[in-house]
2 protein chains.
Amino acid sequence: MMKEAKIPDATIERISLYSRPLERILERGVAVVSSEQLARFCRVNPAQVRKDLSYFGEFGVRGIGYNVRDLLREIKKILVSDREWRLGIVGLGNLGKALVQHENFLNRGYEFVAAFDVDPAKIGFRLPGGLVIEPPSKIQPLTRSLAIEVGLIATPPEEAEGVANLLVHAGIKAILNFAPTQLRQRKCCLVENVDFTVTLDNLAYHVNQRVKEGS
Amino acid sequence: MMKEAKIPDATIERISLYSRPLERILERGVAVVSSEQLARFCRVNPAQVRKDLSYFGEFGVRGIGYNVRDLLREIKKILVSDREWRLGIVGLGNLGKALVQHENFLNRGYEFVAAFDVDPAKIGFRLPGGLVIEPPSKIQPLTRSLAIEVGLIATPPEEAEGVANLLVHAGIKAILNFAPTQLRQRKCCLVENVDFTVTLDNLAYHVNQRVKEGS
DNA sequence: GCCTGTGAATCCATTCACAGCT
DNA sequence: AGCTGTGAATGGATTCACAGGC
């Protein structure tokens with residue numbers, strides 16, 4: 001019964017998670033999947049799978065399960081990955097270059113259409129894939145003219161806030177920030193931070209916890 | 001009053017977050033910080049900061065605030081980043097290489113001590129920093145002899161599970177998995193997944209949501 | 001019989017509001 | 001007076017358990 005209620009943030013992330021095993025199952029030619037099976041693949045509770053999906057509609061058939069192809073299509077519609085998203089990246093150090101070449105992005109509808117860096121030595125360099133590195137002065141005009149919707153920031157932390165400003169003024173809709181600094185929150189622009197050391201700290205804490213319990 | 005209760009997972013992540021502005025504040029020579037100030041830096045609620053810290057002890061002084069240097073030391077003790085953690089990485093494509101060279105790891109006590117790849121063309125190659133890429137056959141002996149505690153997996157998804165097996169059998173304590181596949185859960189080994197496309201899907205969904213509301 | 005969809009119950013996390021210390 | 005530390009209150013998210021439909 002498709003409610004227009006507010007949907008848990010965690011639900012959106014899991015919906016994205018579900019799509020991956022579904023793709024594999026579809027490739028294998030299996031037509032139907034149960035919440036139980038899907039849950040096993042994603043290491044979650046089956047009721048969680050059903051509830052997550054039920055926020056968006058009734059995609060299953062009672063007594064049978066979910067049609068794999070249909071469910072995948074619905075999920076792509078929910079996540080708006082049934083269309084191309086145009087990305088721009090600022091900062092082409094090791095991480096930035098790795099992101100541009102990361103093939104999973106393209107597979108899932110995310111395409112880099114511009115790359116920027118401050119380093120004059122890098123400007124004009126053609127990346128594998130054909131993108132040419134542009135100077136920061138081009139951030140605003142290119143973001144607009146190429147209709148870039150999401151900006152990835154992979155600069156040193158000192159530059160991140162300034163870069164974010166440029167992107168926001170050029171009308172970008174969302175920023176995925178890999179620089180280890182907390183960007184100022186802005187209306188009109190969603191910001192998501194990815195910080196590997198936070199994740200490592202988390203693991204370190206829990207590893208230590210286990211050692212302490214075990215002794 | 002330092003409870004030995006179970007601590008929210010989100011708390012651990014925020015504790016890690018707090019350390020960054022604290023380092024900057026310390027460098028600036030400011031001696032004391034209030035929960036309100038720290039909360040502003042990290043975009044969280046001040047009560048949240050106080051509650052998070054109170055799980056681990058009473059680090060503040062009523063009427064005054066927290067001593068920056070002491071608080072930072074306590075946080076490092078909590079996160080066990082007051083010592084070196086030895087990392088091994090498997091898969092030295094673009095992302096793997098970027099991770100090895102990522103300077104934030106070393107700053108925070110995470111040191112890569114071994115690198116592995118299946119590609120014969122890469123084996124023997126010396127990475128910036130001095131690490132030499134080893135073949136998969138060395139994963140088990142080196143993990144043991146170098147006492148590697150955390151393994152990072154940056155292979156294609158097909159290889160991830162096999163690599164995880166090798167690492168687990170060699171006694172690794174935790175895995176940080178960048179391959180877009182959900183690793184089987186194991187006792188004795190913590191697993192954390194990092195998946196950029198899930199984060200992008202999340203942004204795409206919310207951007208679309210805003211557009212829909214605005215219209 | 002089987003598996004979905006979902007209200008109700010449970011569990012967990014965040015925020016409030018104030019007592020307690022300096 | 002000011003700011004921490006924390007029980008109580010609120011707000012969310014997950015899981016249970018079963019009704020509903022194949």
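Protein chains get the first letters and strands the later ones, always in sequence-line order, with residue 1 at the start of each. Note that the structure is predicted; figures quoted are calculated from it, not measured.
- Contact record, A:Gln182 with A:Glu161: O-OE1, 4.3 Å, taken as the closest heavy-atom pair.
- Residue A:Glu58 contributes atom CD, which lies 10 Å from atom C1' of D:dG21 at whole-angstrom precision.
- Nearer to the 5' terminus of DNA chain D, by closest-nucleotide assignment, is the contact made by A:Ala10 (compared with the other of A:Ala10 and A:Val61).
- A sub-4.0 Å separation between OP1 or OP2 of C:dC3 and a side-chain N or O of A:Ser35 is absent.
- The aromatic rings of B:Phe196 and A:Phe105 are tilted relative to each other, their planes meeting at an angle between 30° and 60°.
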Step-by-step side chain to side chain donor-acceptor pair (under 3.5 Å) determination, B:Asp201 to A:Tyr110: CA-CA 9 Å; B:Asp201 284 349; A:Tyr110 298 106; 2.6 Å; yes
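- Across all strands, B:Asp52 comes closer than 4.0 Å to no nucleic acid atom at all (heavy-atom distances).
- Salt bridge annotation for A:Glu158-B:Arg24: absent, with no cationic side-chain nitrogen under 4.0 angstrom from a carboxylate oxygen.
- In this structure, A:Gln48 places its CD atom 7 Å from C1' of D:dA13, rounding to the nearest Å.
- In terms of phosphate contacts, A:Arg62 brings no side-chain nitrogen or oxygen within less than 4.0 Å of OP1 or OP2 of C:dG1.
- To the nearest angstrom, C1' of C:dC2 lies 13 Å from CD of A:Gln37.
- Atom CZ of A:Arg50 and atom C1' of C:dC2 are 11 Å apart (whole Å).
- In this entry the distance linking CG of A:Leu53 with C1' of C:dC3 reads 13 Å, nearest Å.
- Considering only heavy atoms from C-beta on, B:Val198 stays 4.5 Å or farther from B:Asn202 through its side chain.
- With C:dT22, C:dT14, C:dT6 as the candidates, the nucleotide lying closest to the side chain of B:Arg14 is C:dT14.
- Taking atom CZ of residue B:Phe56 and atom P of nucleotide D:dT6, one finds them 13 Å apart after rounding to whole Å.
- The side chain of A:Asn45 places an N or O atom within less than 4.0 Å of a non-bridging phosphate oxygen (OP1 or OP2) of D:dC16.
- Contact between the side-chain N/O atoms of A:Tyr66 and the OP1/OP2 oxygens of C:dG5 is found at a separation under 4.0 Å.
- Atoms CG (A:Asp9) and P (C:dC12) sit 20 Å apart, rounded to a whole Å.
- Candidate nucleotides C:dC3, D:dT14, C:dT22 were compared by shortest atom distance to the side chain of A:Tyr55, and D:dT14 ranks first.
- What separates CD1 of A:Ile15 from P of D:dA13 is a distance of 14 Å, to the nearest Å.
- For A:Ser34, counting side-chain heavy atoms from C-beta on, the closest listed nucleotide (C:dT4, D:dG5, C:dG5) is C:dT4.
- The nearest heavy atom of DNA chain C to B:Lys51 and to A:Ala47 marks one nucleotide each, and the one closer to the 5' end goes with A:Ala47.
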